[in-house]
Amino acid sequence: TVEGKIGVIDTERKSAQLYSHLVPFDTIDLVPPYTVTRYLDALRQFDAAGYSVVIIDQVTHAWSGEGGLLSLAKGAKDQSAYGGFDVATPEYQRFVDGLLATRCHLISTMRQKTAWELEEYVDKHGKTKKRPKRLGLAPQMRAGFEYEFTTLLGLEVGTNLATVLKDRSGVFPADAQFRLGEESGRQLASWLTMGAVMATDDVPPLERLEALTKSGVARLEACRTGPDLARIFESVWRPVVRMAGEIEESQLKPFKDRLIVAKDAAKARF
């Protein structure tokens, strides 16, 4: 389920408070040193407390910030034949493993930098030379870190338009810039809980109703608290009831009954 509490690990000097009017969330303010242990301890606190979604703003400090992995490598450089990365690399892997091990849905932000490479070219005199070529924007994190995520988006400075860098969900347009909004979140949540994005215009009503009900039952079975149960039931009940205009009530009733049974069973656990 994606229902429930939202936690924010804020490394940006309490900047998360600027968005407190948008949605309720709880914050752990992370200050230097930005060690792997301190990041993972904060994440485990949210995980153990039953938070459904955790936002880390941001993970770049774990790499290049005070006390981060580059600092760790630099401190071990004099005693290392590998520039200190024989010490930093295991810590980096522990960081990645800790992020992947959480039961929460995880959203992380990273700073970006312009990436360049030297390309060869032949000048007007027939001589081969090299010149810098801009590749685009790259995350400020250890190379390859971005591939640990299901979806990776780049935001353009100034416009805040998003571009897909990697997306296994199929939710976001791969060939055009777009603006993130509530609908993006709804589609992603639907994919996370149902396993696929549903193109509702092409799906027959009964198949759509079965998918909605199956997803709703799974979410009700997974909820952990009474308030979560109330929110989840309302969110799944409404779209099912709205389908009364597409199918007969006699066909709709068994699906409603399945949701009510799942709700009552979940309520009995609390």
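Between Glu182 and Arg186 there is a salt bridge, with a side-chain nitrogen of the basic residue lying less than 4.0 Å from a carboxylate oxygen of the acidic one. Salt bridge Asp41/Arg44: present, at least one basic N to carboxylate O contact under 4.0 Å. Using a cutoff of 4.0 Å between basic side-chain nitrogens and carboxylate oxygens, Glu12 and Arg111 are scored as salt-bridged. We find that Glu119 and Lys130 are not joined by a salt bridge, their nearest charged nitrogen and carboxylate oxygen being 4.0 Å or further apart. Between Lys256 and Glu249 there is a salt bridge, since a side-chain N of the basic residue sits under 4.0 Å from a carboxylate O of the acidic one.
Between Val240 and Leu259 there is a side-chain heavy-atom pair separated by less than 4.5 Å. The closest side-chain heavy-atom distance from Val53 to Ile107 is below 4.5 Å. Within the 4.5 Å cutoff, no side-chain heavy atoms of Val122 are placed close to those of Lys127.
For the residue pair Glu210 and Thr213, no side-chain donor N or O sits within less than 3.5 Å of a side-chain acceptor on the partner. Side chains of Thr27 and Asp10: a donor-acceptor N/O pair is absent below 3.5 angstrom, by distance only. Using a 3.5 Å distance cut-off with no hydrogens or angles, the side chains of Ser184 and Arg179 do not pair a donor with an acceptor. Between the side chains of Gln58 and Thr60, at least one donor N or O lies within less than 3.5 Å of an accepting N or O.
A donor-acceptor pair under 3.5 Å is absent between the side-chain atoms of Ser108 and the main chain of Val59, judged by distance alone. Remark: side-chain polar atoms of Lys129 are not paired, donor with acceptor, to backbone N or O of Glu120 under 3.5 angstrom.
By the 30° and 60° cut-offs, the orientation of the rings of Tyr34 relative to Tyr39 is tilted.
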